[in-house]
Amino acid sequence: MMMVGKQQKIFLIEVVCPIVTGGTGLYLRWFIYGKPDVPKATSEISLEVQSELAGFERTYDWDAAVHLVTNAGDPTAQSLPANDWYRLRRKLEIIKVGFRFNFSKQIFLYYSFFCY
């Protein structure tokens with residue numbers, strides 16, 4: 001059984017079938033596992049990343065931009081939906097801040113949800 005926080009335990013005990021609406025599952029993951037501990041980028045790093053990716057975005061060269069971020073150290077950039085420039089910029093910001101993910105650790109999400 002997965003460990004959950006005190007508030008989640010109370011919620012899950014008192015509510016027979018929780019229903020969470022909206023979003024893409026992001027807030028559901030945050031509710032279950034907590035908000036990721038990823039550092040914020042400084043304004044200087046954000047500007048550096050923006051200028052580094054601006055040429056790719058201007059020429060609609062998504063594949064080359066993904067290749068750049070992958071080579072910088074985040075292989076998960078390849079799984080982003082095409083033209084999700086915000087998330088691609090954020091991945092590069094996180095790399096430039098110096099944060100390193102453990103990509104060899106497999107993460108299991110112990111929940112399922114349905115979209116209607």
Side-chain angles (χ1 to χ4, degrees):
M1 183 173 145
M2 162 184 69
M3 296 299 294
V4 294
K6 182 179 177 183
Q7 294 301 319
Q8 288 99 330
K9 283 181 185 177
I10 292 169
F11 180 79
L12 294 174
I13 289 169
E14 293 178 2
V15 178
V16 177
C17 180
I19 298 174
V20 180
T21 63
T24 60
L26 171 75
Y27 295 112
L28 181 60
R29 284 191 300 272
W30 286 10
F31 177 73
I32 294 171
Y33 299 106
K35 189 175 176 184
D37 188 24
V38 180
K40 291 192 179 282
T42 63
S43 57
E44 292 83 12
I45 288 177
S46 293
L47 286 172
E48 179 183 339
V49 166
Q50 178 64 34
S51 65
E52 196 168 345
L53 293 176
F56 297 114
E57 193 168 0
R58 193 172 32 256
T59 60
Y60 305 101
D61 198 351
W62 173 255
D63 293 332
V66 168
H67 185 72
L68 175 98
V69 175
T70 301
N71 286 344
D74 190 344
T76 65
Q78 298 171 28
S79 63
L80 284 175
N83 299 315
D84 190 345
W85 293 100
Y86 170 79
R87 286 196 174 102
L88 191 66
R89 280 191 299 274
R90 186 65 185 124
K91 285 181 174 293
L92 192 52
E93 286 175 355
I94 291 167
I95 292 167
K96 289 189 178 285
V97 166
F99 187 81
R100 295 289 179 245
F101 288 103
N102 183 0
F103 294 107
S104 63
K105 180 180 153 187
Q106 189 168 5
I107 298 171
F108 294 99
L109 302 177
Y110 296 99
Y111 63 87
S112 61
F113 60 91
F114 300 96
C115 298
Y116 297 101

Starting at [atom1] of [X], measure out to [atom2] of [Y] and round the result to the nearest 0.5 Å.
X: L53; Y: R89; atom1: CG; atom2: CZ; value: 7.5 Å
X: K40; Y: I94; atom1: NZ; atom2: CD1; value: 10.5 Å
X: T42; Y: K96; atom1: OG1; atom2: NZ; value: 11.0 Å

Non-hydrogen side-chain atoms of K91 and L80 separated by less than 4.5 Å
yes
Sorted by chain and number, sequence neighbours left out, side-chain hydrogen bond (donor to acceptor under 3.5 Å, both in side chains) with D61 holds for none
Partner of W85 under ring-ring contact (aromatic ring centres under 6.0 Å, His included), picked from Y60, F56, W62, is W62
Here the pair of heavy atoms bringing T76 nearest to S79 is O-OG, 2.7 Å
Taking every heavy atom of V97 against every heavy atom of A41, the minimum-distance pair comes out as CG2-CA, 3.8 Å
Run the side chain to side chain contact (heavy atoms under 4.5 Å, CB included) test on I95 and V49 for me, step by step, so that the C-alpha distance in whole Å, both residues' side-chain angles and the decisive distance to 0.1 Å come before the verdict. CA-CA 10 Å; I95 292 167; V49 166; over 6 Å; no
Margin query: Walk me through whether E57 and L88 qualify under side chain to side chain contact (heavy atoms under 4.5 Å, CB included).
Written below: CA-CA 11 Å; E57 193 168 0; L88 191 66; over 6 Å; no
If only side-chain N and O atoms count, and only distance matters, is there a donor-acceptor pair under 3.5 Å linking H67 with N71? yes
Check: In terms of hydrophobic clustering (I, L, V, M, F, W, Y; side-chain heavy atoms under 4.5 Å; direct or indirect links), are L47 and L92 co-clustered?
Finding: no
Please report the C-alpha distance between R90 and E93 in whole Å, then the side-chain angles of each, then the deciding distance to 0.1 Å, and finally whether the side chain to side chain contact (heavy atoms under 4.5 Å, CB included) criterion is met.
-> CA-CA 5 Å; R90 186 65 185 124; E93 286 175 355; 3.2 Å; yes
